[in-house]
Amino acid sequence: MSGLRIKMIRTVLIATLAFTVAYHPIASAQDATTQESDTTKKLSASEGFLKDIRDILFANINKLPLYLNQLTKMAISWLAPDNSKTTAELQNNLTRLANTQSVNAQIQLLSQKKFLDEFLDNPASQDTFPNVNDLCFETLLNKPYFNPDTRLKLDPSIDPAYNYTVNASGLNLKHFRPSPSWNPNDRRHPSIAMYIRYYNTASAVQTYNGYVLSELYAESKDNNLAKQTQNQLIQQANDSNWFTQIASENLGIVLRQILLYNSQTYVLLAQLLETQKKLLVSQTMNNALLIAVNQEAENRIYSKASGQLPI
C-alpha cells in the first residue's frame, strides 16, 4: 500500500468523524424541540444508528495511529526482498531438478543413434536400407536416421514422417474387404458374419490409431515448434535468474507473472485431460481388438463343448 492510499484512508476516517460530531448537536437540538411526555427518552432508528457509529469512532479513534502503523509495516514487508534461507534452498533444488531433466532429455535423444544402430544392424548407407527413416520414431522429431533422406532427390513427394505414422498406427495392415454380396444374416454361412465383425472392429481401431498419431505428424511438419516453445517456458520457470526476480521484485509484478503461468496451467490441464481420454479410448479399442482376434479360439472351444464342427 502506497503513501497516497494511507493518506486517503486517513482523510476518509477524519471526514466521517467530523460528520458524526457535527451532526450530533443538530440531532440533539431537534430532539429537544420535539419532546413529548411519552417519547422523551426514545431515539429514532436513524439517530440510534448514528450514535452507535459515533461511539465506535470515539472508542477506536485513539487506535488509528496504531492501525496506520501496522498497514505501513505490512506494505513494507510486501515490497521487501526475500532473503530467507528456505527460499534460497527451494530455488536451488528447483533449478537443479530442471537442469537434470534437461540433461536426461539430451542423453535420451543422443543415445537413440546407438540403440538404432544395434537394432537395424548398423546400415552403412541408405542404399542398403532405403525405408529406414519410415521405421524410426526419431523421424517425427525431425531427426531421421539418415539425414537428409536420399530418396527425396529422386522423388520429392516422399514423406518419411507420414510413412512412419502409417506404419506405427497399423494403417498399412490392410484387410480383405467383405464382398457386397455377402449376407451377414445367412445362417448357412456363419463365418461371413464373423469375418465382417472382425473387419469392422479392426478397421475402426486402426483408423483411430492413425488419428491419434496424426497429432505427432502435424507437430513434426511444424518443426515441433510447440515442443520447443514449451521447453523454453519450462526452462524459464526453473531458471535461477527468474527465481531471483521473484525474491527481489515488487509483489505486484511477481503476482502478474504467476497469473500468466496459471493461465497456461489451465491449458496444459485441458491437454492432459484430452490425452487421458485418448488413452482410455485406445485401451478400450485394444480390448475390442483382442476379443475380435480371439474369436477363432472361442469358436474352437465352443465347437468342442457343443459337439459341433468349428465354423
Side-chain angles (χ1 to χ4, degrees), residues 93-175 202-203 205-239 268 271-272 274-287 289-290 293:
N93 290 335
L94 291 175
T95 302
R96 188 182 304 112
L97 177 61
N99 293 336
T100 302
Q101 292 175 343
S102 178
V103 171
N104 291 343
Q106 292 297 325
I107 294 176
Q108 179 184 17
L109 191 60
L110 294 175
S111 63
Q112 295 308 302
K113 185 66 169 60
K114 180 179 180 181
F115 293 145
L116 292 176
D117 286 343
E118 183 174 352
F119 176 73
L120 301 172
D121 292 331
N122 197 16
S125 66
Q126 194 169 359
D127 294 335
T128 60
F129 203 152
N131 67 327
V132 63
N133 288 339
D134 301 343
L135 310 178
C136 301
F137 176 76
E138 288 69 20
T139 300
L140 292 182
L141 302 178
N142 302 111
K143 296 184 181 298
Y145 187 82
F146 286 113
N147 192 16
D149 196 314
T150 57
R151 297 175 298 173
L152 298 177
K153 296 180 179 180
L154 301 177
D155 187 358
S157 64
I158 294 178
D159 190 346
Y162 173 82
N163 294 339
Y164 174 83
T165 304
V166 171
N167 293 333
S169 63
L171 289 175
N172 60 335
L173 300 175
K174 299 183 179 181
H175 313 282
S203 299
V205 171
Q206 288 174 259
T207 54
Y208 180 76
N209 291 344
Y211 164 73
V212 172
L213 291 180
S214 65
E215 183 176 356
L216 297 178
Y217 171 73
E219 291 180 357
S220 71
K221 304 309 290 184
D222 193 31
N223 293 322
N224 291 283
L225 182 60
K227 179 64 175 177
Q228 296 177 22
T229 305
Q230 187 180 43
N231 290 337
Q232 292 175 1
L233 288 173
I234 293 175
Q235 186 64 32
Q236 179 184 356
N238 293 278
D239 188 77
L268 293 177
Q271 293 176 345
L272 179 60
E274 186 66 22
T275 301
Q276 290 176 337
K277 289 180 180 180
K278 291 179 180 178
L279 289 174
L280 180 60
V281 172
S282 300
Q283 183 62 45
T284 303
M285 289 188 171
N286 183 57
N287 294 339
L289 188 59
L290 289 175
V293 172

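Just so it is clear, the structure is predicted and the values come from calculations on it, not from any experiment.
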- [ ] Compare all side-chain heavy atoms of N131 with those of R151 and state whether any distance is below 4.5 angstrom.
- [x] yes

TODO: Check whether any side-chain N or O of N209 sits under 3.5 Å from a backbone N or O of S169 as a donor-acceptor pair, and report yes or no.
DONE: yes

Open item on the list: To the nearest 0.5 Å, what is the distance between OG1 on T284 and CG on L280?
Closed with: 4.5 Å

Open item on the list: Just verifying a value: how many Å separate Y162 OH and S220 OG, rounded to the nearest 0.5 Å?
Closed with: 13.0 Å

Open item on the list: I want to check something: taking the side chain as every heavy atom from C-beta on, are K221 and D159 in contact at a cut-off of under 4.5 Å?
Closed with: yes

Open item on the list: Within this structure, what is the NZ-CD distance for the pair K113 and E138, rounded to the nearest 0.5 Å?
Closed with: 11.0 Å

- [ ] Please examine the side chains of L268 and Q271, heavy atoms only from C-beta on, and report whether any two atoms are closer than 4.5 Å.
- [x] yes

Open item on the list: Please give me the minimum heavy-atom distance between Y208 and S282, naming the atom from each residue.
Closed with: CE2-OG, 3.5 Å

Task: Test item: L109 and K143 side chains (from C-beta on) under 4.5 Å apart, heavy atoms - done: yes

TODO: Measure from the side-chain N and O atoms of E118 to the backbone N and O of K114, and report whether any donor-acceptor pair falls under 3.5 Å.
DONE: no

- [ ] Looking only at non-hydrogen atoms, find the nearest pair between Q228 and N223 and report the distance.
- [x] NE2-O, 2.8 Å

- [ ] Can you measure from CG (L216) to CG (L140) and round to the nearest 0.5 angstrom?
- [x] 6.0 Å

Task: Main-chain N/O of N99 paired to S102 side chain as donor or acceptor, under 3.5 Å - done: no

Open item on the list: I'd like to check D134 versus T139 (side-chain heavy atoms, cut-off strictly below 4.5 Å). Are they in contact?
Closed with: no

TODO: Can you see which heavy atom on F129 is nearest to which on P123, and at what distance?
DONE: CB-CB, 4.1 Å

TODO: Without swapping roles, check the side chain of N133 against the backbone of Y145 for a donor-acceptor pair under 3.5 Å.
DONE: yes

TODO: Taking side chain to side chain contact (heavy atoms under 4.5 Å, CB included) as the test, write out the residues that go with N147, two or more places apart.
DONE: P144

Open item on the list: Nearest 0.5 angstrom please: L279 CG to Q283 CD, how far?
Closed with: 9.0 Å

Open item on the list: Restricting to non-hydrogen atoms, name the atom on L116 and the atom on C136 that form the minimum distance, rounded to 0.1 Å.
Closed with: CD1-SG, 4.0 Å

Open item on the list: When you compare the side chain of Y164 with that of L135, does any pair of heavy atoms fall below 4.5 Å?
Closed with: no

Open item on the list: With rounding to the nearest 0.5 angstrom, report the CG to CD distance, N224 to E219.
Closed with: 6.0 Å

Open item on the list: Quick one: does any side-chain atom of Q206 pair with a main-chain N or O of G170 as donor and acceptor, under 3.5 Å?
Closed with: yes

Open item on the list: Restricting to non-hydrogen atoms, name the atom on H175 and the atom on A202 that form the minimum distance, rounded to 0.1 Å.
Closed with: NE2-CB, 3.7 Å

Task: Note: K227-D222 ion pair, threshold 4.0 Å (strictly below) - done: no

Open item on the list: Evaluate E215 against K278 for salt bridge (Lys or Arg N to Asp or Glu O under 4.0 Å), listing each step before the verdict.
Closed with: CA-CA 12 Å; E215 183 176 356; K278 291 179 180 178; 2.7 Å; yes

Open item on the list: Give me the atom names and distance for the closest heavy-atom approach of L213 to T165.
Closed with: CB-CG2, 3.8 Å

